[in-house]
Chemist: 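Pasting a structure below so you can have a look.
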Amino acid sequence: MSGPAAGTADAATTTDVVCLGESMVTFLPSQPGRLADVPSFGRGIGGAESNVACALAAAGHRAAWVGRVGADGFGDHLVETIASYGVDTSAVRRDPARPTGIYFRTATDRGTDTHEVAYYRAGSAASAMSPSNVPYEELFAGRVLHLSGITAALSADCLALLRDLTAARPGRPLVSFDVNHRPHLWRGGDADASVLLELARRADLVFVGEDEAEEAWGIVGAEAIRAALPEPAVVVVKRGSAGATVFSGLRPGPRSSNAGGAENAAGGAEGADTVTLVPALRVDVVAAVGAGDAFAAGFLSATLRGLPVRERVRHGHLMAAAVLTVPGDLTDPPARDHADRLAALDDEAWGRLRLGPGWTAADRAPEEVRTP
């Protein structure tokens, strides 16, 4: 059983993945320390969905990003930078009345108590996305539509948009949903937990961290997460240094009509799951930002290629390792044949891998990134 594959109709001309969400200009600190003490910042870009689109395009797929930015210099920078990765940005809309979002962050890991992020995104152009102003024909033009819970937190209109996009309907592509729970974005109360669970249950493929499931839903453990998400054909539970557990199987009820039989491609009896556990890699981390987006991109890339579930997860780990070994949110992934060689290693060799800065160089053989 290999789990769902993306649709294959018009594969030669169809966009592989369309990603919808907010991208922002991010200001990266010139040195470690509190935001109050950092003297200067370098400019980059940040956005979960555009990160996925850039990584997929850099890996050779036809990727598009759909979003909304201000009619300002920061909007110009975002669109130009994302397009430079080979992403189709033709469906991005410009808002003359609202600005492009920006944020500042410290150099420390997002998971530490010393990490700070200062967002200036309230009232941003992206927060005005709604079912009435996004190009549905562009969103449904791909084999996969990739969404995240971040968009749902931006505004009531954005939440309405995600509910509409995840509704079962004729012509819906395979819907990939990254939970991406960001408590600071929500407007108080427990609404975020129920909304994210609702959206995840309407998707075909779900990415969720074991830690965020516990934080958002009070659910502990991969099996319990799958029990809370019975509908998606595939649920990928990210378990940090322990790796990832994937549940893949047939789910009841029609959801998408042009996803290439996504739900039924899993094989096995209805409701039965195959559980695949894939250990994480050992990585010499430079910056732990953007790894989750890169993992999703690697998994989606391998899904588009119809690879078995184990290889899909391994490609996710490898794509994440590429980002973890550079300072920013984005980097060029390893060449496909290089990644394929590593993903095909036996379990013992995979367990011996240790990846550090520069490991993605095309002339590096698997033996050269192995530790004794």
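Residue numbers count from 1 along this sequence. The figures that follow rest on heavy atoms only: side chains count, while hydrogens, waters and symmetry mates do not.
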Chemist: Could you tell me whether a side-chain N or O of Thr325 sits under 3.5 Å from a main-chain N or O of Ala321, the two making a donor and an acceptor?
Modeler: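 Judged by distance alone, yes, a pair lies under 3.5 Å.
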
Chemist: Examine distances only and state if a side-chain atom of Arg314 and a backbone atom of Ala343 form a donor-acceptor pair shorter than 3.5 Å.
Modeler: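 Between the backbone of Ala343 and the side chain of Arg314 there is a qualifying donor-acceptor contact (under 3.5 Å).
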
Chemist: Pick one: which of Arg182, Arg68, Arg121 meets salt bridge (charged side-chain N to carboxylate O under 4.0 Å, His left out) with Glu22?
Modeler: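 Only one option passes, and that is Arg121.
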
Chemist: Distance-only, no hydrogens or angles: does the Trp217 side chain make a donor-acceptor pair with backbone N or O of Ala193 under 3.5 Å?
Modeler: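 A pair under 3.5 Å: yes.
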
Chemist: Do His317 and Phe295 have ring centroids that are under 6.0 Å from one another?
Modeler: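 Yes - the distance between ring centres of Phe295 and His317 falls below the 6.0 Å cut-off.
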
Chemist: Given 3.5 Å as the limit, does a donor-acceptor pair link the side chain of Arg239 with the main chain of Val237, or not?
Modeler: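 Judged by distance alone, no pair lies under 3.5 Å.
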
Chemist: Which value, rounded to the nearest 0.5 Å, describes the distance between Arg172 atom CZ and Leu145 atom CG?
Modeler: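 Between atom CZ of Arg172 and atom CG of Leu145 there are 8.5 Å.
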
Chemist: Decide, yes or no, whether a salt bridge links Arg202 with Glu231 under the criterion of side-chain N to carboxylate O below 4.0 Å.
Modeler: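 No, no charged N to carboxylate O under 4.0 Å.
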
Chemist: Side-chain contact, heavy-atom cut-off 4.5 Å: Pro183 with Glu215?
Modeler: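 SC-SC contact between Pro183 and Glu215 confirmed.
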
Chemist: Between Arg312 (side chain) and Leu307 (backbone), is there a donor-acceptor pair under 3.5 Å?
Modeler: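 Yes; judged by distance alone, with no hydrogens or angles, the pair exists.
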
Chemist: Under a 3.5 Å cutoff, is there a donor and acceptor pairing between the side chains of His338 and Thr360?
Modeler: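 Not at all, the side chains of His338 and Thr360 share no donor-acceptor pair under 3.5 Å.
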
Chemist: Using atom types as modelled and distance alone, determine if a side-chain donor or acceptor of Glu212 lies under 3.5 Å from a backbone N or O of Gly209.
Modeler: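 Indeed, once roles are kept as given, a pair shorter than 3.5 Å links the two residues.
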
Chemist: With no hydrogens and no angle check, is any side-chain donor or acceptor of Thr100 less than 3.5 Å from a backbone partner on Gly70?
Modeler: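 Checked: pair present.
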
Chemist: Salt-bridged, Asp16 to Arg305, with N to O below 4.0 Å?
Modeler: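 Here Asp16 does not pair with Arg305 in a salt bridge, since their nearest N and O are not under 4.0 Å apart.
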
Chemist: State plainly whether one hydrophobic cluster holds both Val326 and Val285, where clusters connect Ile, Leu, Val, Met, Phe, Trp and Tyr through side-chain heavy atoms under 4.5 angstrom apart.
Modeler: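 Looking at the clustering, Val285 is in a separate group from Val326.
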
Chemist: List the atom of Val17, the atom of His146, and the distance in Å for their closest heavy-atom pair.
Modeler: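 Smallest heavy-atom distance, with atoms named: CG1-CB, 4.1 Å.
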
Chemist: Membership question, hydrophobic clusters at under 4.5 Å side-chain separation (ILVMFWY): are Val69 and Met129 in the same one?
Modeler: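 Different clusters.
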
Chemist: Taking side chain as C-beta onward, heavy atoms only, is Asp157 less than 4.5 Å from Asn133?
Modeler: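 A side-chain contact is absent here, since even the closest heavy-atom pair is not under 4.5 Å.
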
Chemist: So Phe140 and Tyr136, would you call those rings parallel, tilted or perpendicular, with 30° and 60° as cut-offs?
Modeler: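 Rings of Phe140 and Tyr136: perpendicular, as their planes differ by over 60°.
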
Chemist: Before accepting this row, confirm whether a basic side-chain N of the pair Asp346/Arg352 lies closer than 4.0 Å to the acidic partner's carboxylate O.
Modeler: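 No salt bridge links Asp346 with Arg352.
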
Chemist: Kindly say whether Val175 contributes a backbone atom to a donor-acceptor pair with the side chain of Asp204 at under 3.5 angstrom?
Modeler: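 Yes, because the side chain of Asp204 sits within donor-acceptor range (under 3.5 Å) of the backbone of Val175.
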
Chemist: Taking the side chain as every heavy atom from C-beta outward, state whether Glu116 and Arg34 have any atom pair closer than 4.5 Å.
Modeler: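 Yes, at least one pair of side-chain atoms sits under 4.5 Å.
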
Chemist: Do the non-hydrogen side-chain atoms of Val234 and Val206 ever get within less than 4.5 Å of each other?
Modeler: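 The answer is no, as the side chains (C-beta and beyond) never meet within the 4.5 Å cut-off.
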
Chemist: Does Val286 reach the side chain of Leu324, with side-chain heavy atoms less than 4.5 Å apart?
Modeler: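 Side-chain contact under 4.5 Å: no.
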
Chemist: For Tyr103 and Val25: C-alpha separation, side-chain torsions, deciding distance, then whether side-chain contact (heavy atoms from CB on, under 4.5 Å) applies.
Modeler: CA-CA 7 Å; Tyr103 72 98; Val25 172; over 6 Å; no

Chemist: Do the rings of Phe104 and Phe27 sit parallel, tilted or perpendicular, given the 30° and 60° boundaries?
Modeler: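 Geometry flag for Phe27 against Phe104: parallel rings.
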
Chemist: State whether Asp72 and Arg98 are salt-bridged, where the test is any N-O pair (Lys NZ or Arg NE/NH1/NH2 against Asp/Glu carboxylate O) under 4.0 Å.
Modeler: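 The answer is no: the pair does not qualify as a salt bridge.
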
Chemist: With the threshold set at 4.0 Å, does a side-chain nitrogen-carboxylate oxygen contact exist between Arg169 and Asp164?
Modeler: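 Yes, this pair counts.
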
Chemist: Is it true that Ser155 and Ser127 share a donor-acceptor pair across their side chains at a distance under 3.5 Å?
Modeler: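 No, no side-chain donor-acceptor contact under 3.5 Å.
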
Chemist: Any chance the side chains of Thr274 and Ser248 put a donor and an acceptor closer than 3.5 Å?
Modeler: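 Distance-only check fails for Thr274 and Ser248.
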
Chemist: Heavy atoms, side chains only, cut-off 4.5 Å: are Ser176 and Phe207 in contact?
Modeler: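 In contact.
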
Chemist: List the steps and the verdict of side-chain contact (heavy atoms from CB on, under 4.5 Å) for Val278 and Val246.
Modeler: CA-CA 8 Å; Val278 181; Val246 180; 6.0 Å; no

Chemist: Would you check if the side chain of Thr81 reaches a backbone N or O of Leu78 as a donor-acceptor pair within less than 3.5 Å?
Modeler: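 Looks like no, no N/O pair under 3.5 Å.
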
Chemist: Is there a side-chain contact between Thr26 and Ile102, using heavy atoms and a 4.5 Å cut-off?
Modeler: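 They are not in side-chain contact.
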
Chemist: Does some side-chain heavy atom of His181 sit less than 4.5 Å from a side-chain heavy atom of Leu196?
Modeler: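 They are in contact (side-chain heavy atoms under 4.5 Å apart), so the answer is yes.
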
Chemist: Whether Arg62 and Asp88 form a salt bridge (side-chain N of Lys/Arg under 4.0 Å from carboxylate O of Asp/Glu) is what I want to check.
Modeler: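 Looking at Arg62 together with Asp88, the answer is no, because their closest N to O distance does not fall below 4.0 Å.
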
